[in-house]
Amino acid sequence: MGSSKGRQAAGQRRAAKVKARERRARAARADDAYFGGSPTIDLFALIADELEAAVRETLALRSPEPARLMAAKVHETDLAIAETGEQDEDEGAPGLSIAFAVLTAWIAGAHDELHAPGVSDTVLRWIAQHLGEPAAGLARRTAGILGVREVPAEVIDDLVDDLGPDFIPSLVWIASGLVAEHGAGDPAWLRRHDLPADAL
């Protein structure tokens, strides 16, 4: 899972790209409530909160499904933003980009904090034991990009295409394994690695 600098930089670039789109989308559809919430929500903060909740439910239920439900909400959010007509077609899905930025910041930051060998192995073993081998297999694919200093956009795009709706869940499962094995079972432990405010 390697150094966090390159991945945080990539996450920050993606976050910066979606910030302007987020403001335009909220202005264009002020009567819409993403995730059923307030029309004045901060999309970045909301998705981070929902991801934390998904990790918490994953740990409580020992199931891969909370992560998949969260990913479905992200997809619905992207569809709602796309319907505003304010999104540039070549800029991708803002909800997916935000979720990816948040999760990779958490995972990279937690790994760097631990400074322990074999973290990836213990996390993937936890996923296999508690969420099932199919989930572990998917997480193993995603974990491969977390040791790369600069993750090329085309690599991320290939993973999104390959894993489809399980791309974001696979990262949630990795985050859950980190919390279970190294974070005393408390998902709030991840939030110390939130992206800095000036990256949003």
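Side-chain atoms are counted along with the backbone in the values below, which use heavy atoms only and exclude waters and symmetry mates.
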Looking at every non-hydrogen atom in both residues, tell me the closest pair between [X] and [Y] and how far apart they are.
{"X": "I127", "Y": "A139", "value": "CD1-CB, 3.7 Å"}
{"X": "E181", "Y": "W126", "value": "OE2-CD1, 3.3 Å"}
{"X": "P165", "Y": "A71", "value": "O-CB, 4.0 Å"}

Open item on the list: Is it the case that the side chain of W173 and the backbone of P64 share a donor-acceptor pair, with hydrogens and angles ignored and the cut-off at 3.5 Å?
Closed with: yes
Task: Whether R141 side chain and L138 backbone form a donor-acceptor pair below 3.5 Å - done: no
Task: side chain to side chain contact (heavy atoms under 4.5 Å, CB included) evaluation trace for V55 with L51 - done: CA-CA 6 Å; V55 169; L51 287 168; 5.7 Å; no
Open item on the list: Do M70 and L61 sit in one hydrophobic cluster, given that two such residues count as connected whenever their side-chain heavy atoms are within less than 4.5 Å of each other, even indirectly?
Closed with: no
TODO: Report yes or no: do V155 and I168 belong to one cluster of Ile/Leu/Val/Met/Phe/Trp/Tyr joined by side chain heavy-atom distances under 4.5 Å?
DONE: yes
Open item on the list: Can you tell me which residue among L190, I174, V172 is in a side-chain contact (heavy atoms from CB on, under 4.5 Å) with L103?
Closed with: V172
Task: Heavy atoms from other residues, nucleotides or ligands near CZ of R62 exceed 12 (cutoff 6.0 Å) - done: yes
Open item on the list: Looking at H75, I'd like to know if its NE2 atom is crowded, meaning that more than 12 non-hydrogen atoms belonging to other residues, nucleotides or ligands lie closer than 6.0 Å.
Closed with: no
Value rounded to 0.5 Å, distance of [atom1] in [X] from [atom2] in [Y]:
{"X": "T104", "Y": "L195", "atom1": "OG1", "atom2": "CG", "answer": "7.0 Å"}
{"X": "D166", "Y": "L171", "atom1": "CG", "atom2": "CG", "answer": "11.0 Å"}
{"X": "D162", "Y": "D157", "atom1": "CG", "atom2": "CG", "answer": "12.5 Å"}
{"X": "E133", "Y": "L124", "atom1": "CD", "atom2": "CG", "answer": "9.5 Å"}
{"X": "D158", "Y": "F167", "atom1": "CG", "atom2": "CZ", "answer": "11.0 Å"}
{"X": "I98", "Y": "T77", "atom1": "CD1", "atom2": "OG1", "answer": "9.0 Å"}

Open item on the list: So V102 and F44, do their side chains get closer than 4.5 Å, heavy atoms only?
Closed with: yes
TODO: With the side chain counted from C-beta on, respond yes when T122 and H182 share a heavy-atom pair under 4.5 Å apart, and no when they do not.
DONE: yes
Open item on the list: Using side chain to side chain contact (heavy atoms under 4.5 Å, CB included), reason through F100 and V160 one step at a time and then give a plain yes or no.
Closed with: CA-CA 11 Å; F100 177 78; V160 171; over 6 Å; no
Task: Option from R191, K73, R56 for which salt bridge (charged side-chain N to carboxylate O under 4.0 Å, His left out) with D49 holds - done: R191
Open item on the list: Quick one about S176 and H130 (side-chain donor to acceptor, distance below 3.5 Å, no hydrogens or angles considered), yes or no?
Closed with: no
